[in-house]
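Beneath this line is the structure, given in structure tokens, with notes to follow.
Convention: sequence-line order gives letters A, B, ...; per-chain numbering from 1.
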Amino acid sequence: MRNLVEAIRPLLGSVMSQLGVAELDWNDLLAGSTDSAFADVAMPCHSLSRVMRKSPNVIADEILETLGSSTDGVCEVSSVNGFLNFSADSRWLAGLLQDALSDDRLRVSTEESRVIVIDYSSPNVAKHMHVGHLRSTVIGDALNRMLTHKGHRVVPENHIGDWGTPFGMLIEHLIDMGVEKGSQDIDLSTFYSDARAKFDSDSEFASRSRARVVRMQASEPETIELWQMLVDRSLIHFNEVYQRMGVLLTDDDIAGESKYESALPGVVDKLTETGMLEESDGAKVVYLEGWKNRDGDPLPLIIQKADGGYNYATTDLACILDRIENVGSRDFLYVVGAEQAQHFSMVFDVARNADFMDEEVNSIHVSFGLVMGTDGKKLASRTGGAVHLNDLLLEAVERADAIVAQKNPSLSDEERSEVANMLGIGAIKYADLSTDRTNNYTFEWEKMLSFDGNTAPYLQYAHARICSIFSKDGIDRNSIREANIYLNHEREMALGRALIAFPEAFDSACSSHSPHKLATQLHTIAQAFASFYEVCPVLGSEGETRGSRLALCDLTARTLQTGLDLLGIASPQRM
RNA sequence: GGGCGCGUAGCAUAGCCUGGAUAAUGCACUGGCCUCCUAAGCCAGGGACCGCGGGUUCGAAUCCUGCCGCGCCCGCCA
């Protein structure tokens with residue numbers, strides 16, 4: 001109820017100055033009510049007792065009296081137990097809804113545009129994407145969509161694991177497999193583990209692999225060609241998964257570790273210049289204030305290993321420099337699991353201390369918890385290995401297909417298959433996005449695909465129901481953009497309140513990088529709609545009521561569709 | 001041992017940043033509602049010492065602090 005607070009504030013301001021209360025003493029008190037049963041906006045007057053030397057009850061009464069009729073047409077005001085309660089006036093609310101109705105952006109404002117880099121997904125070359133990449137991909141993609149909608153230029157960066165010592169064995173394995181077959185034929189499901197097994201058991205293979213790493217780092221053309229085959233094969237796989245998921249990432253967003261390889265010595269040089277770099281057991285490291293290891297000794301961030309190789313930390317630092325110097329961004333989001341919190345904290349510290357980032361740079365680790373199985377442990381396949389993401393997506397669509405076939409047999413095979421795709425993928429994404437990302441979440445098919453509760457299908461169903469109203473009577477949705485809205489029924493008011501809160505929920509979701517705040521509001525809207533729809537006939541009503549209700553339906557559908565789209569979830573017209 | 005995070009009805013969660021009233025939502029449970037726009041739904045009801053103890057405050061799920069429990073991280077992986 002941000003709008004109502006802002007509408008009331010000036011009215012209250014003049015009253016408070018009449019009563020001789022300083023702005024500082026009351027300004028923060030006016031806020032959305034904690035319980036909508038009381039009011040939309042409330043002001044507890046208890047802390048004013050000290051200033052006004054009266055009881056909260058008397059103060060609230062006095063303010064109410066002084067406000068007089070100034071709030072007419074905006075809200076109704078009452079005084080209860082030392083609280084001033086403000087309830088939105090139906091005409092005032094209807095006015096806002098009409099603004100939203102005629103607005104393509106549904107009253108969502110844009111911010112001054114910034115260039116925001118979002119680091120997400122980050123699968124590994126020569127491996128299948130697995131469940132470990134799910135949350136980063138889903139959350140990162142939602143943030144990409146949300147912040148773009150908020151007016152920013154988002155630069156997605158997909159830091160695929162495409163470099164480092166494992167590639168020696170991967171390339172040698174590729175040679176053993178018969179390169180002439182072409183990269184299309186590489187079977188990623190066992191490629192990495194086969195190579196690893198050979199590396200561990202076959203010393204001849206292992207030494208070839210080590211030699212190959214050296215040749216790779218020397219950019220030997222033949223080796224790079226083989227490496228490229230592995231990358232290309234993997235990109236085909238990544239893109240297949242991204243397309244199935246409906247994720248925005250493309251090959252243009254690939255920023256693998258190899259991209260920064262040539263910049264790594266420069267990072268070492270720069271850190272050497274600052275005098276931060278120290279030597280420890282042959283490695284070049286930075287010691288940071290406040291970090292201790294298990295034994296209580298200072299814990300370093302390793303910049304260059306004793307063997308001359310580099311770590312992830314160095315790549316991250318090179319990447320930070322690249323973003324500032326080449327990408328032109330000062331806002332970095334890292335959508336990476338919570339277990340890497342310490343790593344990022346240390347990298348950011350070094351980057352700031354070395355002046356790679358000044359105070360204007362916002363570098364944020366957007367962390368998230370684990371995907372858990374119903375057994376309470378980290379989700380794994382029956383054999384204990386990582387669950388392949390593609391399998392997970394296929395199963396979701398398959399399960400959705402079976403449900404849709406049962407619930408709505410009238411759909412054609414083609415339409416059912418489209419709908420199943422939207423429902424299945426939407427269900428997986430929504431399950432992830434609808435709870436606070438910092439918590440672990442439990443992966444449960446039955447729950448996420450249920451049509452009851454805070455699930456994607458429930459929201460999609462609400463949207464589809466509205467679409468069917470319009471298609472039933474062949475009403476052109478654009479024709480009601482200028483309709484007058486009248487909120488005469490209690491449930492129309494409730495729906496109106498839910499819809500009005502959409503922009504502020506979205507803003508809050510953006511600023512805290514928490515998609516669940518948007519999801520929660522969408523669920524509230526869908527619930528309010530279902531409740532309204534039950535008792536307020538739309539097509540069966542007449543005159544201005546019919547026009548008004550059609551407008552409410554259109555606004556609800558567009559809000560749900562927009563909101564789901566911002567989360568990366570499709571809204572079927574029928575289901 | 002140190003650091004970070006989490007702990008809210010049987011289960012899953014929101015609210016915590018920025019303190020405010022009878023702690024919100026969903027699942028599950030109980031009872032009602034389809035000659036009527038998708039019952040894939042709606043309405044009503046029961047169910048919570050907000051992990052435990054201190055402190056700050058007129059007021060604490062929310063802020064501070066000490067415990068307890070769980071998870072993750074803690075030197076050449078990413």
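As judged by a 4.0 angstrom heavy-atom cut-off over every strand, A:A462 is placed among residues making no nucleic acid contact. In this structure, A:A37 reaches neither bases nor backbone, as no heavy-atom distance under 4.0 Å exists between it and the strands shown. A:C536 comes within 4.0 angstrom of a base, heavy atoms only. Counting non-hydrogen atoms under 4.0 angstrom, A:S36 reaches nothing in the nucleic acid.
Judged by distance alone with a 3.5 Å cut-off, no donor-acceptor contact links the side chain of A:S47 to the base of B:rG59. Evaluation of atom-type donor-acceptor distances gives no pair under 3.5 Å for the side chain of A:Q342 against the base of B:rG3.
Side chain of A:P300, nearest nucleotide from B:rC77, B:rG41, B:rG75: B:rG75. The side chain of A:Y458 sits closest to B:rC42 out of B:rC42, B:rA21, B:rC77. Distance from the side chain of A:V538 is smallest for B:rC37 among the nucleotides B:rC37, B:rA78, B:rC74. Which of B:rC42, B:rC76, B:rC72 sits closest to the side chain of A:S531 comes down to B:rC42. Here the side chain of A:N408 is nearest to one of B:rC74, B:rA40, B:rG20, namely B:rA40. Distance from the side chain of A:D436 is smallest to B:rA14 among B:rG75, B:rA40, B:rA14. Side chain of A:Y312, nearest nucleotide from B:rC76, B:rC42, B:rA78: B:rA78. In this structure, of B:rA21, B:rC42, B:rC58, it is B:rC58 that holds the atom nearest to the side chain of A:H46. Here B:rC74 is the nucleotide among B:rC74, B:rC77, B:rA21 with the atom lying nearest to any side-chain atom of A:N293. When distances run from any side-chain atom of A:A283 to the nucleotides B:rC74, B:rC73, B:rC76, the shortest one goes to B:rC76.
Neither side chain, A:S33 nor A:D35, offers a donor N or O lying under 3.5 Å from an acceptor on the other.
Taking atom CD of A:Q340 as the reference point, atom P of B:rG3 lies 21 Å away to the nearest angstrom. Separating the CZ atom of A:F443 from the P atom of B:rU13 is a distance of 15 Å, rounded to the nearest angstrom. A:R416 places its CZ atom 16 Å from the C1' atom of B:rA40, with the value rounded to the nearest Å. If you take CD of A:E289 and C1' of B:rG3, they are 15 Å apart, rounded to a whole angstrom. Between A:D349 atom CG and B:rC4 atom C1' the separation is 14 Å, expressed in whole Å. For the pair A:L518 CG and B:rU25 P, the interatomic distance rounds to 20 Å; values are reported in whole Å. At whole-Å resolution of the value, CD1 in A:I475 and P in B:rC37 are 15 Å apart. Going from atom CD of A:Q460 over to atom P of B:rA40 covers 16 Å, rounded to whole Å.
By the 30° and 60° cut-offs, the orientation of the rings of A:F506 relative to A:F502 is parallel.
One finds no side-chain N or O of A:N439 lying less than 4.0 angstrom from the OP1 or OP2 phosphate oxygen of B:rU13. For B:rC37, the OP1/OP2 oxygens have no side-chain nitrogen or oxygen of A:R546 closer than 4.0 Å. Put simply, A:H343 has no side-chain N or O that comes within less than 4.0 Å of OP1 or OP2 on B:rG75.
Nucleotides B:rG47 and B:rG10 are separated by 9 Å at their C1' atoms, to the nearest Å. B:rC27 and B:rA44 have their P atoms separated by 14 Å, with the value rounded to a whole Å. The separation of B:rG59 from B:rU13, taken at their P atoms, amounts to 34 Å, rounded to a whole angstrom.
A distance of 7.5 Å separates CE of A:M276 from CD1 of A:I303, quoted to the nearest 0.5 Å.
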Do nucleotides 26-32 of chain B as a string where each nucleotide becomes B, S or -: B if the base has a protein heavy atom under 4.0 Å, S if just the sugar-phosphate does, - if no protein is that close.
-> SS-----
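Sorted by first then second residue, the ring-ring contact (aromatic ring centres under 6.0 Å, His included) pairs that include residues 522-553 of chain A, not counting sequence neighbours, are A:Y458-A:H523, A:F529-A:F532, A:F529-A:Y533.
In this entry B:rC37 has no Watson-Crick or G-U wobble partner, no candidate having both defining distances under 3.5 Å. Nucleotide B:rC42 has B:rG32 as its partner under the Watson-Crick or G-U criteria, with both atom distances under 3.5 Å.
Looking at A:R549, its side chain never comes within 3.5 Å of a backbone N or O of A:G540 through a donor-acceptor pair.
When each of A:S434 and A:Y533 is assigned the nucleotide of RNA chain B bearing its nearest heavy atom, the one mapping closer to the 5' terminus is A:S434.
Against RNA chain B, the stretch residues 25-33 of chain A makes heavy-atom approaches under 4.0 Å through A:S33.
Under 4.0 Å is where a charged nitrogen must lie from a carboxylate oxygen, and between A:R491 and A:E534 no such pair does.
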